[in-house]
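Working notes, beginning with the structure itself.
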2 protein chains.
Amino acid sequence: MARTQGSHSDITGPRVRDAALRLFARHGYAAVSMRQIAGEVGVQAGALYNYTPDKQTLLFDLMKEHMDQLLSARAAAPAPGGALAALEAFTRFHIRFHAARPEAVFIAYMELRNLNDDNFAVIEGLRHTYETQLEDILRQGVAEGVFDVADPKITTLAVIAMLTGVNTWFREAGRLSLEDVETLYWDMVRKAVAA
Amino acid sequence: MARTQGSHSDITGPRVRDAALRLFARHGYAAVSMRQIAGEVGVQAGALYNYTPDKQTLLFDLMKEHMDQLLSARAAAPAPGGALAALEAFTRFHIRFHAARPEAVFIAYMELRNLNDDNFAVIEGLRHTYETQLEDILRQGVAEGVFDVADPKITTLAVIAMLTGVNTWFREAGRLSLEDVETLYWDMVRKAVAA
DNA sequence: GTCTATATTCGGATAGAC
DNA sequence: GTCTATCCGAATATAGAC
């Protein structure tokens with residue numbers, strides 16, 4: 001790679017997004033400059049504008065892609081009919097999906113305030129769609145008589161906060177395997193909502 | 001207040017901290033300028049440097065004060081001898097304390113990455129001190145035979161994540177009173193760790 | 001203690017050459 | 001598609017007058 005000019009369009013786009021994801025997650029959207037992103041990719045700052053109209057759109061695209069992947073992965077996962085099995089499936093899915101992409105998760109939760117109004121509304125809508133799936137499981141379990149949940153909306157938020165919190169400490173090389181973690185959290189969730 | 005110059009030192013210091021707290025919480029440390037803070041206070045940017053050596057120290061002081069208040073309020077709160085009562089007291093204390101100062105809580109969780117290494121170590125140490133208090137209660141309950149907790153460290157993190165999550169949605173004017181919220185979360189915590 | 005003015009660096013974004 | 005060069009504004013922080 002001795003040359004310093006030329007076309008690399010086939011791979012530069014994804015590399016811009018990867019670099020932005022990593023840098024936004026580590027330092028925060030507002031603290032990262034387009035020049036830093038360009039430096040990671042190995043191009044000059046001006047070249048980034050072949051791949052995004054502006055920095056705001058770059059952030060939004062990363063968050064939108066993450067939420068789309070979350071919803072499609074969830075749709076593709078097995079969904080048992082019974083509420084208890086469905087809740088276990090949701091719990092394990094949530095932990096596994098989020099543990100696999102900590103940077104995107106971090107950005108999706110931390111950078112909401114840096115979205116403009118229209119972009120914020122889109123991401124919030126997708127998040128609500130996801131949370132409603134858990135709420136529906138809880139309501140189903142109450143109807144089945146297997147769950148005792150006084151307020152399904154609050155319990156939904158509580159469970160998701162607890163599960164997403166895994167990302168603040170989980171490391172692949174740590175004391176516990178992801179399977180261990182899934183089981184520990186499923187025990188807590190199961191007991192917390194049990195009839 | 002027609003005059004545009006003069007001494008106001010008796011109140012300006014706290015007003016600088018208040019303005020920084022509010023602006024950092026809303027827009028993020030990196031996105032807020034010293035000029036914005038000065039504008040909120042009603043002085044010019046240069047005057048802020050009578051109250052803080054730099055922006056980084058201003059952030060650190062806000063976070064340090066928050067953690068100090070958390071630990072001293074906790075130390076001043078009733079601490080029942082039995083593990084079950086102690087866990088209920090911790091749960092209710094955590095929700096109440098955090099609900100009362102959402103901006104400081106938000107900053108303490110979101111702006112850790114904007115602290116320099118030394119400042120980060122201080123805040124992390126204080127946070128660990130607080131978390132250890134919950135972990136000790138859980139271990140005591142296991143010893144007493146009233147809790148069934150497979151991994152006290154993980155359960156500590158899970159409970160704190162769940163409780164702190166209240167701040168993402170709780171509003172004074174909302175459907176639920178703080179007392180309602182405390183009771184709902186205490187029910188979940190109690191069941192999740194029950195023997 | 002606050003002001004005005006400024007030194008210095010850096011930010012997002014664009015224009016035009018290659 | 002990427003480069004170099006640049007516009008223009010804004011950032012932190014400081015100096016010296018009042």
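Throughout, a chain's letter reflects where its sequence line sits, starting with A, and its residues are numbered from 1.
Between A/Arg22 and A/Asp18, no side-chain nitrogen of the basic residue sits less than 4.0 Å from a carboxylate oxygen of the acidic one, so the salt-bridge criterion is not met.
Interface residues of residues 37-50 of chain A facing DNA chain C, ordered by number: A/Gly46, A/Tyr49; criterion, heavy-atom separation under 4.0 Å. Near DNA chain C, meaning a heavy atom under 4.0 Å away, there are no residues from residues 58-66 of chain B.
No donor-acceptor pair closer than 3.5 Å links the side chain of B/Lys64 to the backbone N or O of B/Val122.
Rounded to an integer number of Å, the gap from A/Met34 CE to D/dC3 P is 14 Å. A/Arg15 has its CZ atom 14 Å from the C1' atom of D/dG1, to the nearest Å. Protein atom CZ of A/Arg35 is 13 Å distant from nucleotide atom C1' of D/dA11, rounded to whole Å.
Annotation: cation-pi pair A/Arg26/A/Phe106 absent, no NZ/CZ under 6.0 Å from the ring centroid and within 45° of its normal. Relative to the six-membered ring of B/Phe120, B/Arg113 misses at least one condition, a distance below 6.0 Å or an angle of at most 45° to the axis.
Contact annotation: A/Thr12 does not reach the phosphate of D/dG1 (side-chain N/O to OP1 or OP2, under 4.0 Å). Contact annotation: A/Ser33 reaches the phosphate of C/dG11 (side-chain N/O to OP1 or OP2, under 4.0 Å).
Between the side chains of A/Glu40 and A/Gln36, no donor N or O sits under 3.5 Å from an acceptor N or O. One side chain, A/His94 or A/Thr164, offers a donor N or O that lies under 3.5 Å from an acceptor on the other.
Between B/Leu59 and the options B/Leu115, B/Val32, B/Asn116, a side chain to side chain contact (heavy atoms under 4.5 Å, CB included) holds for only B/Leu115.
For A/Lys153, the salt bridge (Lys or Arg N to Asp or Glu O under 4.0 Å) partners are A/Glu135, not counting sequence neighbours.
Between A/Gln36 and A/Pro53, the residue anchored closer to the 5' end of DNA chain C is A/Gln36, taking for each the nucleotide with the nearest heavy atom.
Nearest nucleotide to the side chain of B/Lys55, out of C/dG12, C/dT2, D/dA13: D/dA13.
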